[in-house]
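For reference, the structure is listed below as structure tokens.
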Protein chains: 2
Amino acid sequence: MTRRPRRPTMVDVAREAGVALRTVSRVVNDDATVGAELAERVRAAIAALDYRPDERARHLRLGVTGTLGAAVRQLSHVNPVLRAVERAARAAGLMVLAASTEDDEVLERHVVESMCRRRFDGIILEPIGEDHGYLLPELAAGLSLVAVDRPVLGLDVDCVISDNVAGIRTAFAHLVAHGHDRVAYIGDDERIYTAHERATAFRACAAAHGGPVDAMVHTGRIEPGRITSAVRAALAGPAPATAIVTGNASISVEVLRRLGADSRKVAIVGFDDSELATLLRPDLTVVAQDDTAIGGTAIDLLRARIADPARPVSRVTVPVELVRRGSGELPPIS
Amino acid sequence: MTRRPRRPTMVDVAREAGVALRTVSRVVNDDATVGAELAERVRAAIAALDYRPDERARHLRLGVTGTLGAAVRQLSHVNPVLRAVERAARAAGLMVLAASTEDDEVLERHVVESMCRRRFDGIILEPIGEDHGYLLPELAAGLSLVAVDRPVLGLDVDCVISDNVAGIRTAFAHLVAHGHDRVAYIGDDERIYTAHERATAFRACAAAHGGPVDAMVHTGRIEPGRITSAVRAALAGPAPATAIVTGNASISVEVLRRLGADSRKVAIVGFDDSELATLLRPDLTVVAQDDTAIGGTAIDLLRARIADPARPVSRVTVPVELVRRGSGELPPIS
DNA sequence: CTGGACTGAGATAACGTTATCCCGAAGGTA
DNA sequence: TACCTTCGGGATAACGTTATCTCAGTCCAG
């Protein structure tokens, strides 16, 4: 008795049913050209042997795998876009298999190359880092890739991104409309593309509105100490900010953590919606991304790219929406 | 010119280098039995053609894919166990590819069967629902599977689960030690195995401690209305609870949302740690699962199962830990 | 010198599918 | 009856790897 029993193959089924290999294949693929009686015999043999087709062989022969890869920063983090991607792909009859890049350039490369070697039909990537040169030969060899959330720097690749500039503008204008004159921005490390784009947009708003710019913008890595000092700096001095715009959901959490009970005294508009937004009093006003649209568009672009590798590259910008919940409507207290 | 250029294969490399196919394979696999000069020529050809091995063919030939599947409830939810699984697998040189089951039995089956047809070496599953009969033929055919978080009901399958009973006991004892006599439990739908196990453990604690049991236990689906009435019921009446144990992280959030400012008046111990736990005042005392141990053990079990399909099934229980943060140390207020 | 052990590299057969051909039987018409 | 078409179904060749042989050489002992 062998330890791991060899799985039955089409040959086994064919022998069991007393037909040719090709006929089994026909039955499995619902080919109409096989007689009813034979088809029944084949199906019986399949059931008897508990035959399961081997997709590896199928994919090898077909050339196509019906599988999309998703290389995201952290699988185990909240990622509504990934959920939308899965759903859209499922609706299109494609399977999405995901892996984490853990914000590590080396790991990202490893993951993407693994997916390429496995000949996934296409890849959805949340790109990290600056150097994506390793993608060049893969793209040349026919890899279909769509970047999400950020573009692939230096490469002409399809991507779908939120309208960060409009989001920041909306947040800023909203606070100004509620009487705020001194608005601070606390954001993530500007080496991250999205963070940089948002910070830059904020600087432009602040400059256009008049008043100090650099003194109101605090960006850098998400570390407890940095956030604490950023909050302190924003709210201190002779002309403290009366409102804060935060650069993403994690920053919002950290800022709220620092503010504690003081969060009622300063107006806040956060970028990115999150579960916590409705946990606090007042609830958090946010600039929400349209996750469903982003995920759906990503799958659309990827399918189009797979269907026609020569089609022109498209970079889609998805609108964002201001969700008023109270924290952004507080009046200035000085 | 063809639209999608055929990727170069080993045959192409062999022709380019003027060697036999087998020699290319040897070079790719770092076989020492190939002369330095030839190896160099082959490597040059590989670089010139931008050759990338096709894992599909490799896996088909080898019989093994070096790939583990993870079928989890929601990819895009916080899931520290999944992260630990990925890391442990990576350390073992295996790739983890994950997909969501979305708490849908039909989808779970679809995902697992897809992974089986792709001949993944093994699968980590967060089982949902009651009927996992579809797994039987797969297991018989040699599928290696490890269940995480909950067992596969009715099937004798490896699994690794947190010590829910000990966790509830610890939480209960902790509150009693801080002077609480009337402790309520608000938990998830008991059709979910984990929820049922925790609720049952709580009932046992309450019964052992004396006093009402059923009146203190509120379980059901996570819906705003239900949580609201559960909280109200727990804190109302002639003998209101002075402390609450919550059944999981989502319940904790919802309960805290309902309590609002009142959260300072009732002691709370939550099951599952989460990011929000340190957002509020006082911070949330929780029974934390050892995610790293769970994920690591799951991979260990899976690898052992793959190596020896005949080994006895093991069901591992991982200890939990009480993390004191303030909310569980509040004195009773009546 | 010659025979055997060793060594590097080439033919070739798998792995489990699908697709291309081809053939034999049935049916219809001249 | 002979011929042409139709159609179900069987050989067999891919798909791109790896593994098992086999076989020329080279080197050294007898």
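Order of the sequence lines fixes the chain letters, A, B, ..., with proteins taken first and strands second; residue numbering starts at 1 for each chain. Source: prediction; values computed, not measured.
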Exercise for the section: State whether a side-chain donor-acceptor pair under 3.5 Å links B/S100 with B/E102. Expected result: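 Checked: B/S100/B/E102 side chains show no N/O donor-acceptor pair below 3.5 Å.
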Fill in the blank from the handout: Between CG of A/N29 and C1' of D/dG9 the distance, given in whole Å, is 15 Å
Hey, does [Y] have a side-chain heavy atom less than 4.5 Å from the side chain of [X]?
| X | Y | value |
| --- | --- | --- |
| A/R119 | B/R52 | yes |
| B/D149 | B/T194 | yes |
| B/T9 | B/V13 | no |
| A/D156 | A/R315 | yes |
| B/V111 | A/M95 | yes |
| B/I124 | B/L68 | no |
| A/F120 | A/L143 | no |
| A/D291 | A/Q289 | yes |

Just distance, no hydrogens or angles: give the donor-acceptor pairs under 3.5 Å from side chains in residues 36-47 of chain B, sequence neighbours left out.
{"from": "B/R41", "atom 1": "NE", "to": "B/A17", "atom 2": "O", "distance (Å)": "3.0"}
{"from": "B/R41", "atom 1": "NH2", "to": "B/A17", "atom 2": "O", "distance (Å)": "3.0"}
{"from": "B/R41", "atom 1": "NH2", "to": "B/G18", "atom 2": "O", "distance (Å)": "3.4"}

Handout entry: Leading and trailing nucleotides of DNA chain C with any atom under 4.0 Å from heavy atoms of chain B
Key =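 Contact boundaries, 5' end first: C/dG8 to C/dG16.
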Name the nucleic acid region contacted by [X], choosing base, sugar-phosphate or nothing; use a 4.0 angstrom heavy-atom cut-off, strictly under.
| X | answer |
| --- | --- |
| A/T23 | sugar-phosphate |
| B/V19 | sugar-phosphate |
| A/V28 | nothing |

Handout entry: Near-strand residues of residues 41-53 of chain A, defined as heavy-atom separation under 4.0 angstrom from DNA chain C
Key =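 Close to the strand are A/Y51, A/R52, A/P53.
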Problem - Rounded (10°) bend between the five-pair end axes of the helix from C/dC1-D/dG30 to C/dA30-D/dT1 - result: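 Here the helix ends are tilted 70° relative to one another.
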Problem - Within 6.0 Å of CZ in B/R191, more than 12 heavy atoms from elsewhere - result: no
Show which side-chain atoms of residues 24-33 of chain A pair as donor or acceptor with protein atoms under 3.5 Å away, not counting sequence neighbours.
{"from": "A/D31", "atom 1": "OD1", "to": "A/T33", "atom 2": "N", "distance (Å)": "2.9"}
{"from": "A/D31", "atom 1": "OD1", "to": "A/T33", "atom 2": "OG1", "distance (Å)": "3.1"}

Practice task
Could you identify which residues of residues 54-66 of chain A place a heavy atom less than 4.0 Å from some atom of DNA chain D, listed by residue number, or say none?
Solution key: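 Those residues whose heavy atoms fall under 4.0 Å from DNA chain D, taken from residues 54-66 of chain A in numerical order, are A/L60, A/R61.
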Handout entry: Closest heavy-atom pair and its distance - A/R118, B/G66
Key =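 Heavy atoms only, the tightest pair is NH2-O, 3.9 Å.
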Practice task
Could you pick out which residue, A/L21 or A/T33, lies toward the 5' side of DNA chain D when each is mapped onto its nearest nucleotide?
Solution key: A/T33
